[in-house]
Participant: 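One structure, as structure tokens, below. Some questions next.
Keep in mind that this is a model prediction, so the values were computed, not measured. Atoms within each ligand, like the ligands themselves, are counted from 1 in listed order.
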Amino acid sequence: MKTALPSRPPPVVLAAPSGTGKTTIARALVDGFEDFVFSVSVTTRAPRAGERDGVDYEFVTAGEFQRMVAAEELVEWAEVHGNLYGTPRRGIEAARETGRHPVLDIDVQGARQVRERLPDAILVFVFPPSGNALGARLAKRGTEDDAEVRRRLRAAHREMEESAGFDYIIVNEELSAAVARVREVVLSEGHRTERVRDLEAEVARVRAEIDRLLAAGTPRNAAAG
Ligand code: ADP
Ligand code: 5GP
């Protein structure tokens with residue numbers, strides 16, 4: 001059953017203050033649905049326990065990062081909490097060529113750059129249900145010391161204001177509901193007229209069939225297709 005015309009899968013940007021849950025949502029989308037692929041960022045940050053090179057991030061030296069910037073290999077990049085992070089262009093293109101949505105888990109500065117460089121991207125701001133929940137999630141994750149948690153909360157205070165510039169706001173209260181909402185948004189976007197690939201050809205195809213029906217006489221007994 002055909003429910004959508006062909007469209008080029010847009011990248012999905014999930015941005016949010018640190019601790020809101022964007023990585024958790026991105027991973028759930030990618031693990032749960034084969035039309036989503038995680039965009040693996042490059043970073044100069046040291047790997048955390050359990051992180052795998054090439055899966056969670058590509059861990060690179062500052063020199064290699066600068067080389068990638070100079071060679072325009074990154075769609076966007078930013079300094080976040082003292083480290084450099086960037087989105088390689090090749091991963092985005094590879095995903096789209098295989099008909100899948102690249103999922104970018106990036107900060108709000110990066111999202112702003114994506115808006116300019118990949119204008120067809122869907123920008124989703126993942127909204128914390130409350131300041132208290134955000135503080136509790138950062139503390140519970142336990143990957144930063146107290147001073148760093150406070151720094152991230154101060155950054156969050158600033159970043160919340162940027163939510164107004166996004167296409168969609170999705171509250172991450174209950175995880176599975178938030179994942180379902182992101183997926184719905186992405187699927188709905190695929191039906192937007194301007195996203196349909198080669199609409200003229202699709203119109204011509206249906207019109208040619210109508211012409212054939214008309215030429216054959218009254219289509220009262222034609223088989224439905
Ligand atoms: P971010 O990528 O935005 O920094 P994470 O995905 O690392 O955030 O999530 C921060 C913490 O919050 C993690 O410990 C994660 O397990 C937890 N978390 C994520 N989503 C939810 C949710 N809906 N309810 C409760 N805890 C959550
Ligand atoms: P962490 O070091 O905790 O994994 O990530 C810190 C912040 O950097 C998070 O907000 C994360 O989304 C962001 N980040 C990760 N990859 C990228 C990227 O490629 N570009 C940008 N701009 N931010 C990123």
Participant: I'd like the residue list for ligand 2, meaning every protein residue with a non-hydrogen atom under 4.0 Å from the ligand.
Facilitator: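 K22, S41, R45, R48, Y57, E76, A78, V80, Y85, G86, T87, D105, I106, D107, G110, R152.
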Participant: With only distance considered, is A16 within less than 3.5 Å of ligand 1 through an N or O on each side?
Facilitator: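 In fact, backbone or side chain, A16 has no N or O that close.
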Participant: Return the residue, atom name and 0.1 Å-rounded distance of the protein heavy atom closest to atom 14 (O) of ligand 1.
Facilitator: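 Ranking protein heavy atoms by distance from atom 14 (O) of ligand 1, first comes R141 CB, 3.7 Å.
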Participant: What pairs of residues pass the salt bridge (charged side-chain N to carboxylate O under 4.0 Å, His left out) test when at least one of them lies in residues 57-73, not counting sequence neighbours?
Facilitator: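 Applying salt bridge (charged side-chain N to carboxylate O under 4.0 Å, His left out) to every pair that reaches into residues 57-73, excluding sequence neighbours, yields E58-R90, E64-R67, R67-E73.
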Participant: Can you list the residues that meet the ring pair (Phe, Tyr, Trp, His ring centres under 6.0 Å) rule with F36, with sequence neighbours excluded?
Facilitator: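 Listed in chain order: H101.
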Participant: Among the clusters formed by ILVMFWY side chains lying less than 4.5 Å apart, do V42 and Y85 turn up in the same one?
Facilitator: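 Per the 4.5 Å side-chain linkage, V42 and Y85 are not co-clustered.
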Participant: Hey, does the Lys NZ or Arg CZ of R183 hover above the aromatic six-ring of F33, less than 6.0 Å from the centre and inside 45° of the axis?
Facilitator: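 Here R183 passes the 6.0 Å and 45° test against F33.
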Participant: For ligand 1, which atoms have a heavy atom of E173 less than 4.0 angstrom away?
Facilitator: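 Under 4.0 Å from E173, ligand 1 has these atoms: 22 (C), 23 (N), 24 (N).
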Participant: Check this for me, if you would: do D56 and R27 make a salt bridge, where the nitrogen-to-carboxylate-oxygen distance has to be below 4.0 angstrom?
Facilitator: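 Between R27 and D56 there is a salt bridge, with a charged N closer than 4.0 Å to a carboxylate O.
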Participant: Walk me through whether E189 and Y168 qualify under side-chain hydrogen bond (donor to acceptor under 3.5 Å, both in side chains).
Facilitator: CA-CA 11 Å; E189 279 283 327; Y168 293 93; 2.6 Å; yes
Participant: Below 4.0 angstrom from a heavy atom of S18, which ligand 1 atoms are there? Numbered from 1 as shown, please.
Facilitator: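 Those qualifying, in numeric order: 4 (O).
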Participant: Counting only heavy atoms, tell me which of E174, K140, E144, R137 gets closest to atom 11 (C) of ligand 1.
Facilitator: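 Minimum heavy-atom distance to atom 11 (C) of ligand 1 goes to R137.
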Participant: Within a strict 4.5 Å, meaning less than it, do heavy atoms of the P17 and R152 side chains meet?
Facilitator: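 When only atoms from C-beta onward are counted, R152 and P17 do not touch, as no gap falls below 4.5 Å.
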Participant: Should D105 be counted as touching ligand 1, given the test is an N or O pair under 3.5 Å?
Facilitator: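 N/O-N/O distance under 3.5 Å: no.
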Participant: Could you tell me the residue and atom name of the protein heavy atom closest to atom 19 (C) of ligand 1, and the distance to it rounded to 0.1 Å?
Facilitator: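 It is T24 OG1, 3.6 Å.
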Participant: Considering all heavy atoms of both residues, which atom of R115 and which atom of G165 are nearest to each other, and what is their separation?
Facilitator: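 Smallest heavy-atom distance, with atoms named: NH2-O, 3.1 Å.
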Participant: Find all atoms of ligand 1 within a distance of less than 4.0 Å from any non-hydrogen atom belonging to L175, and give their numbers and elements.
Facilitator: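 Counting from 1, the qualifying ligand atoms are 23 (N).
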Participant: Taking salt bridge (Lys or Arg N to Asp or Glu O under 4.0 Å) as the definition, give me every residue that meets it alongside R89, ordered by chain and number, with sequence neighbours left out.
Facilitator: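 None.
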Participant: Decide salt bridge (charged side-chain N to carboxylate O under 4.0 Å, His left out) for D107 and K22; before the verdict, give the C-alpha distance in whole Å, the side-chain angles of both, and the deciding distance to 0.1 Å.
Facilitator: CA-CA 10 Å; D107 86 315; K22 59 193 176 301; over 6 Å; no
